[in-house]
Amino acid sequence: QVQLVESGGGLGQAGGSLRLSCAASGRTLSGYVMGWFRQAPGKEREIVAAIRRSGGSTYYADSVKGRFTISRDNGKNEVYLQMNSLKPEDTAVYYCAANTRGRLIDQYDYFGQGTQVTVSP
C-alpha cells in the first residue's frame, strides 16, 4: 500500500502561481498512474490532471488545460502540480491520488489527506 502526502498549498492571488508536491512512501510510485483531484465546497471531487507511469502521457480537465502542468519524478517518488494563471474558482482542497489500473481516467485506489489552495481575486 502506498501512502501519499501533499504539500505546497496555501494562499495565492489571481494570475499567480502555486506548486503542489506529493511525496509517496511504502511503495515506489513508478508502479502507479498518478492524478491530482480537487474538491471545492459544496461540489463533488473532480479529477484535475493525471500522468502515466512513465510520464509519457497526461490528461487535463478542460478547466485547467493550458494553466496547470502535472509531472513526476519516479526517482524521488514524487509527483507535482504546477498551477499558473490561478483563478478564484481554483480554490479547493487538492488531493494526490494513485491507481494501479494503468488508465488515466479510472478508479483511483489511494488518496492523500489533501492540501488547501485558496485563490484571492
Side-chain angles (χ1 to χ4, degrees):
Q1 185 171 350
V2 63
Q3 290 81 42
L4 304 171
V5 178
E6 303 93 338
S7 61
L11 180 63
Q13 289 188 329
S17 299
L18 286 173
R19 186 183 191 228
L20 305 183
S21 298
C22 172
S25 61
R27 294 282 180 90
T28 177
L29 275 186
S30 61
Y32 299 91
V33 170
M34 299 300 298
W36 284 96
F37 288 70
R38 69 184 181 187
Q39 187 168 20
K43 295 187 177 181
E44 293 187 355
R45 187 164 58 187
E46 61 175 354
I47 188 167
V48 173
I51 187 167
R52 286 202 185 277
R53 296 182 179 100
S54 65
S57 181
T58 56
Y59 162 85
Y60 294 97
D62 287 344
S63 57
V64 306
K65 202 172 293 183
R67 300 188 299 121
F68 290 10
T69 303
I70 188 171
S71 60
R72 64 191 299 161
D73 187 333
N74 288 339
K76 293 184 177 180
N77 239 23
E78 294 184 346
V79 180
Y80 312 100
L81 185 68
Q82 178 66 43
M83 304 186 296
N84 298 330
S85 301
L86 287 167
K87 302 177 180 180
E89 50 263 43
D90 294 322
T91 295
V93 177
Y94 283 72
Y95 299 90
C96 176
N99 90 57
T100 61
R101 293 164 179 76
R103 293 183 295 187
L104 296 172
I105 304 300
D106 207 326
Q107 180 178 344
Y108 278 68
D109 306 286
Y110 305 104
F111 286 83
Q113 83 289 349
T115 185
Q116 177 70 46
V117 170
T118 302
V119 182
S120 60

- Scan residues 31-40 for pairs that pass side-chain hydrogen bond (donor to acceptor under 3.5 Å, both in side chains), counting only residues two or more places apart or in two chains. Arg38-Glu46, Arg38-Ser63, Arg38-Asp90, Arg38-Tyr94

Between [atom1] on residue [X] and [atom2] on residue [Y], distance to nearest 0.5 Å:
X      : Y      : atom1 : atom2 : value
Tyr80  : Ile51  : OH    : CD1   : 11.0 Å
Tyr110 : Thr100 : OH    : OG1   : 7.0 Å
Arg101 : Asp109 : CZ    : CG    : 4.0 Å
Gln13  : Ser120 : CD    : OG    : 5.0 Å
Tyr60  : Ile70  : OH    : CD1   : 6.5 Å
Cys22  : Arg72  : SG    : CZ    : 10.0 Å

- Grab the two heavy atoms, one from Asn99 and one from Arg103, that are nearest each other, plus how far apart they are. ND2-O, 3.1 Å

- Would you name the heavy atoms of Ala98 and Val2 that are closest together and state the gap between them? CB-CG1, 4.3 Å

Between [X] and [Y], is there a shared hydrophobic cluster once you connect ILVMFWY residues whose side-chain heavy atoms come closer than 4.5 Å?
X     : Y      : result
Val93 : Val48  : no
Ile47 : Phe68  : no
Tyr95 : Val119 : no

- Do Leu29 and Val79 come close enough that some side-chain heavy atom pair is under 4.5 Å? yes

- Message: Taking the side chain as everything from C-beta on, heavy atoms only, tell me whether Val5 gets closer than 4.5 Å to Gln3.
- Response: no

- Task: Just jot down the side chain to side chain donor-acceptor pair (under 3.5 Å) partners of Arg19, sequence neighbours excluded, or say none.
- Result: none

- Task: Verify the neighbour count for atom NZ of Lys43: are there more than 12 heavy atoms of other residues, nucleotides or ligands below 6.0 Å?
- Result: no

- Can you list the other members of the hydrophobic cluster that holds Leu11, where links are side-chain heavy atoms under 4.5 angstrom apart? none

- Sequence-distant partners of Arg52, side chain to side chain contact (heavy atoms under 4.5 Å, CB included), two or more places apart: Ser57, Leu104

Side-chain polar contacts of residues 81-89 - donor-acceptor pairs under 3.5 angstrom, sequence neighbours left out - could you list them?
{"residue": "Gln82", "atom": "NE2", "partner": "Asn84", "partner atom": "OD1", "Å": "2.9"}
{"residue": "Asn84", "atom": "OD1", "partner": "Ser17", "partner atom": "OG", "Å": "2.9"}

- Item | For Phe37, ring pair (Phe, Tyr, Trp, His ring centres under 6.0 Å) partners two or more places apart | Tyr108, Phe111

- Distance-only, no hydrogens or angles: does the Asn74 side chain make a donor-acceptor pair with backbone N or O of Arg53 under 3.5 Å? yes

- Task: Let me see the working for Val117 and Leu18 under side chain to side chain contact (heavy atoms under 4.5 Å, CB included), right down to the final yes or no.
- Result: CA-CA 9 Å; Val117 170; Leu18 286 173; 3.8 Å; yes

- Message: With side chain to side chain contact (heavy atoms under 4.5 Å, CB included) as the criterion, how do Gln1 and Arg27 come out once you've worked through the C-alpha distance, each side chain's angles and the decisive distance to 0.1 Å?
- Response: CA-CA 6 Å; Gln1 185 171 350; Arg27 294 282 180 90; 5.7 Å; no

